[in-house]
There are 2 protein chains.
Amino acid sequence: MEVSHVSIRIEKLTKELKKNNIRLSHQRLKVLEYMVTHRTHPTVDQIYNDLQKEVPTLSKTTIYNTLRTLVDANLVKAINIEDNEVRYDAVTKDHGHFKCESCGEIFDFDVDFNTFSTRGLKNFNIKHKDIYFKGICPNCM
Amino acid sequence: MEVSHVSIRIEKLTKELKKNNIRLSHQRLKVLEYMVTHRTHPTVDQIYNDLQKEVPTLSKTTIYNTLRTLVDANLVKAINIEDNEVRYDAVTKDHGHFKCESCGEIFDFDVDFNTFSTRGLKNFNIKHKDIYFKGICPNCM
DNA sequence: TTGACTGCAAAGCATTTGCAGAGTA
DNA sequence: TACTCTGCAAATGCTTTGCAGTCAA
């Protein structure tokens with residue numbers, strides 16, 4: 001992703017934060033910046049280990065707090081593709097996640113939610129849609 | 001679900017267990033029976049609390065062990081619709097799960113995986129498909 | 001009989017909570 | 001200034017592990 005796009009993205013996000021009355025602390029901006037520049041669906045631990053190099057005083061508690069804030073504000077999505085770890089994604093639109101059971105990498109894929117028949121949910125108010133696939137990626141085959 | 005269906009279901013499952021060289025212990029059969037008769041997508045805790053009435057010596061460790069065995073044998077599926085709890089489902093075929101954010105109930109729904117375009121996964125070997133929706137169910141609206 | 005299973009107790013680990021001090025607006 | 005946020009330490013709670021006794025085959 002180009003640097004200019006990243007800065008535009010972050011600008012948008014900080015506006016969203018202001019709109020939600022969330023203070024723009026140094027730590028929050030760093031986490032946000034990390035989420036936008038690293039599209040690797042990181043865990044709290046990965047964010048923590050990477051950001052600590054830049055911001056040595058940063059605590060895991062703050063990352064947990066920040067991510068909850070961002071998830072509540074719908075700026076970040078939690079990915080529960082595995083039952084023993086939560087990953088995070090700075091999503092903009094609906095898409096699916098594929099996890100390779102060999103290398104562990106998570107891939108995004110487009111999902112056409114319109115061609116998607118959901119019989120049995122006629123009178124349901126659907127707010128969140130998560131699609132998780134697992135298997136083997138082309139690189140590991 | 002009719003009793004006759006349940007017993008047929010359990011008979012099938014015990015055959016599967018034998019095929020996988022999994023011993024038919026009293027505890028495992030009880031957990032299996034519970035999973036087949038209670039289609040409520042229970043957590044370990046719910047299974048434990050309910051079964052303890054019948055089998056007072058049953059331990060949570062055994063339930064964890066049993067569920068892992070059943071999941072590994074593809075007789076039961078783990079549901080990670082929420083990041084702070086794992087639920088289990090005695091599945092037979094692919095389907096989606098909808099969780100009501102108001103009452104917490106989980107509903108099954110049919111998914112036609114054929115009408116489901118997955119651009120970007122052309123060379124991927126897809127082994128598992130999980131679809132999780134959240135929102136408000138008709139009863140809560 | 002023998003290898004697998006159960007269940008207790010303890011360990012492990014991700015996440016949350018309480019709270020004093022620091023920082024944002 | 002006033003209120004929120006940070007980050008340490010401790011608590012919490014789910015899940016796993018070690019292991020001695022028990023059980024299925």
Donor-acceptor contact below 3.5 Å, side chain R39(B) vs main chain A90(B): yes
Where the side chain of Q46(B) meets the backbone of T43(B), is there a donor-acceptor pair that is under 3.5 Å apart? yes
Select one nucleotide: of dG7(C), dT16(C), dT6(D), the one nearest the side-chain heavy atoms of R68(A). dT16(C)
By the salt bridge (Lys or Arg N to Asp or Glu O under 4.0 Å) test, which pairs, at least two apart or in different chains, include something from residues 55-67 of chain B? D45(B)-K60(B)
Starting at atom [atom1] of [X], determine the distance to atom [atom2] of [N], rounded to an integer number of angstrom.
| X | N | atom1 | atom2 | value |
| --- | --- | --- | --- | --- |
| N80(A) | dT15(C) | CG | C1' | 14 Å |
| D83(B) | dT15(D) | CG | P | 12 Å |
| Y88(A) | dA14(C) | OH | P | 13 Å |
| N65(A) | dT4(D) | CG | C1' | 11 Å |

Side chain to side chain donor-acceptor pair (under 3.5 Å) partners of residues 21-33 of chain A, not counting sequence neighbours, each pair once: K30(A)-E54(A)
How would you list all residue pairs meeting side chain to side chain donor-acceptor pair (under 3.5 Å) that involve residues 64-78 of chain A, not counting sequence neighbours? K77(A)-D130(A)
Tell me which one of D89(A), L13(A), L70(A), V31(A) satisfies side-chain contact (heavy atoms from CB on, under 4.5 Å) with V76(A). L70(A)
Excluding sequence neighbours, so at least two apart, what forms salt bridge (charged side-chain N to carboxylate O under 4.0 Å, His left out) with [X]?
| X | value |
| --- | --- |
| D50(A) | K53(A) |
| K19(A) | E16(A) |
| K129(B) | none |

I'd like a list of close polar pairs between nucleotides 8-14 of chain D and the protein, N/O only, cut-off under 3.5 Å.
unit_1, atom_1, unit_2, atom_2, d
dC8(D), N4, T61(A), OG1, 3.4

Which of residues 21-30 of chain B sit near DNA chain C, with a heavy atom under 4.0 Å from it? R23(B), S25(B), Q27(B), R28(B)
Contact residues, residues 11-18 of chain A to DNA chain C [heavy atom, < 4.0 Å]: none
Check E82(B) with R87(B), please: is the shortest side-chain N to carboxylate O separation under 4.0 Å? no
CG on L75(A) to CG on L17(A), rounded to 0.5 Å: 6.0 Å
Sorted by chain and residue number, the side-chain hydrogen bond (donor to acceptor under 3.5 Å, both in side chains) partners of S59(B) (sequence neighbours excluded) come out as T62(B)
Once ring pair (Phe, Tyr, Trp, His ring centres under 6.0 Å) is applied, what residue pairs with a partner in residues 70-106 of chain A remain, sequence neighbours excluded? H41(A)-H97(A), H95(A)-H97(A), F98(A)-F124(B)
In short, the helix from dT1(C)-dA25(D) to dA25(C)-dT1(D) is bent end to end, axes from five pairs each side, to 10°, by 50°
